[in-house]
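I have placed the structure first, in the form of structure tokens, so that the comments after it can refer back to it.
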Amino acid sequence: MNERLEIENLHVAVEGSEILKGVNLTIGRGEVHALMGPNGSGKSTLGYAIMGHPSYEVTAGSIMLVDADGTAHDVLEMEPDGRARAGIFLAFQRPMAIPGVRLADFLRHSVTNVRDPDRKEGQELMPMREFRGELKDKMKELSMDSDFARRYVNDGFSGGEMKRAEILQLAMLRPRFAILDETDSGLDADAVRLASESIARIGGAEMGILIITHHEQLLEHNIPLKTHVMLGGRIVESGGPELAAELHKQGYERIRKAYPEAAAAEEEMEAERRLEPAAS
Amino acid sequence: MATDLQESSTLALGEINKYDFRTDTPTVFKAQRGLSPEIVSQISEMKREPGWMRDFRLKSLEIFNSKPMPHWGGRIGVDFQDIFYYLKPAEQQGKTWEDVPEEIKKTFDRLGIPEAERKFLAGVKAQFESEVVYGSLQEDLAKKGVIFTDTDTAVREHPDLLREYFGTIIPPSDNKFAALNSAVWSGGSFIYVPKGVSIEFPLQAYFRINAESMGQFERTLIIVDEGAQVHYVEGCTAPMYSTESLHSAVVEIVCKKHSRCRYTTIQNWANNIYNLVTKRAVAYEGAMMEWIDGNLGSQLTMKYPAVYMMEPGARGEILSIAFASAGQHQDAGAKLVHAAPNTFGRIVSKSISKNGGRSSYRGLVKVEPGAKKSRSSVVCDALILDDKSRSDTYPYIEIEEQDVSIGHEASVSKIGEEQLFYLMSRGLSEAEASTMIVGGFIEPLVKELPMEYAVEMNRLIELQMEGSVG
């Protein structure tokens, strides 16, 4: 059977309030899935939970990484760096700035660890020449200026630059499973098209990709096998690419009417957020 | 045999901390412990100094004895009678690298800095056990009239030039430890850069302590004549000892009109050393003085490099990094005195505290009456790595002039969970991620260092960060 990322009945809470209320999703390697849904429905939370953010507490359910021979690895047992080394990647919607750390230096470390998961701290990094060569090629493919690698990670980057830096990392790390959290937000139409092409080229048959988006443009070159709609912390409906097109054009009214229970949960979550204006 | 045993034990130590080791150094002369007019006279005699210097030392000792210990800063647990104030490692100063004793070369080798020495061999000055044991001057420097020697030699060979400035920027009465240094000083560098001469590469010196219970009291005087330029680098990486040790240096710098001087220090004293240093520069019309000061080691460091801007257009910049780990207190800072109009000052201080370490920024910006249109900015950022550690800021500002612009910003931050998560989500362990964030935090200062020092600095930070997460 195919390698896959299996999420079963996932419940996730942040500071005591439940955001995900039983998510089921299986992504096979080489498949593209789209995840859509209104703001605050829990899409980003799913991404953080898969990657292991310490503030996102898994209260029930499981996330398993299953090899081709059927061996299952419990992702929830792994630290975030262990998950990265196991082949999981999250492109952040809002990546963090790390002032003073050059993108190239950070990436060389990162690539070394991910490609050699058994590497111990302090052991040699990937040879500089080899790394630089590969980085240069990848940046060229993404139409990025080579000076970009010398800048500090996400520090003073424009929205578009941040997203391209995330795609560059995706290209360099070549994960088995990638979650792309609104990699299209903040980009103009041309940039979205370029991102869409790049992701398709990087992903190919080698990657299982979960694309979180509000639009269908990013899917242009990444036709989803399935489109999932999240509402009130659950996946309420799954369909083909046509579902993404419908939601993009017509919004979530039909979904809210069809799943009143989830729509109520969403309103409740929304109300809680209004009480805590500090939470982002 | 004894040497072999020493070797093997130091190698084992080296695995714990590459920078902790000792080699057997033959000490030719060992003064007795303690401090008295007799000992001070003996030091002066050993050095065959002129009478004025002996008198200066004796007068300084009186001042030292009359001054109380500073009641601020950190706790100074030094028994002044239990210290060797003078050690002479070899009878003669080495003329070439070949003449340098093998033991001493081995120590430098172990520190992993030979690249810097090979590269700038001709300009390297190394202080070892209170005396400069190796010194040679690149030929073209000599041709330009640059003097770069140890201060003891300068007393003999350049008495008039030295005497004109020695003890004028930092008089013995300035503070208790300046008085102590003035009484027992030994070694240090003397530099004179003639009018209009620019030295393209950094002049370097390595100061190290390598005898148990020994104090080190180097004395540096740099005179940058009108329109001249120099960058001096002093690096310290000291072995570790079990008993307390004292390092108390004095550095005096004169920047004449339109000259530029940059003085870079990285100190990594062993964690039992008291590092109490007085550093001060005076800058005249249009001159620029920069201190770059990295403090990683020692038990207690009290050091506040100062720039006195004496004439219009003078500039002073002080960039400092302090890293305080378990059992360490870094009380570091800066001092800017605007004594003339249109002077410009800048202080950037970055401190990191971890494993219960304490770092303090203590700084003074003073604007004297009439120093109109002067501008100063102070930025201090502190990074605290855990709940056991501490950071304090003591900014003093004294302004006696209306028409000035003084800015002060301070921030204290912890390593952000979000930053850690971001880096870890890319496969970096928590320790690697923390080290990277700390490295980034001090990067603005590290990039000001010459390449070899930047590399060494980053390596020191990595060593300091080892085992800091758990």
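Reminder, nothing fancy here: chain letters follow the sequence lines and each chain counts from 1.
Applying the 6.0 Å contact sphere to CZ of Arg262(B) captures more than 12 heavy atoms from other residues, nucleotides or ligands. Taking a 6.0 Å sphere around CG of Asp145(A), one finds it holds more than 12 heavy atoms contributed by other residues, nucleotides or ligands. The neighbour count for Glu409(B) CD, taken as heavy atoms of other residues, nucleotides or ligands under 6.0 Å away, does not exceed 12. Sparse packing is recorded around CD of Glu79(A), with 12 or fewer heavy atoms of other residues, nucleotides or ligands lying under 6.0 Å away.
Ranked by heavy-atom pairs under 4.5 Å with chain B, the first of Thr112(A), Asn113(A), Asp105(A) is Asn113(A). When each of Met51(A), Arg119(A), His53(A), Arg102(A) is checked for heavy-atom pairs under 4.5 Å with chain B, His53(A) comes out on top. For chain B, the option among Gly52(A), Gly82(A), Pro175(A), Pro117(A) with the highest count of heavy-atom pairs below 4.5 Å is Gly52(A).
Ala86(A) does not touch chain B: none of its heavy atoms, backbone or side chain, sits under 4.5 Å away. Only the side chain of Glu417(B) comes within contact range of chain A, with heavy atoms under 4.5 Å apart. With a 4.5 angstrom heavy-atom cutoff, Val153(A) touches chain B only via side-chain atoms. Heavy-atom distances place both the backbone and the side chain of Phe106(A) under 4.5 Å from chain B. Contacts of Ile98(A) with chain B are made by both backbone and side-chain atoms, with heavy-atom separations under 4.5 Å.
Tyr394(B) meets the ring pair (Phe, Tyr, Trp, His ring centres under 6.0 Å) test with no other residue; sequence neighbours excluded.
Atoms OG1 and NE2, from Thr435(B) and His109(A) in turn, are 8.0 Å apart once rounded to the nearest 0.5 Å.
Contacts with chain A (heavy atom to heavy atom, under 4.5 Å) involve these residues of residues 419-428 of chain B, listed by number: Gln419(B), Phe421(B), Tyr422(B), Leu423(B), Met424(B), Ser425(B), Arg426(B), Gly427(B), Leu428(B).
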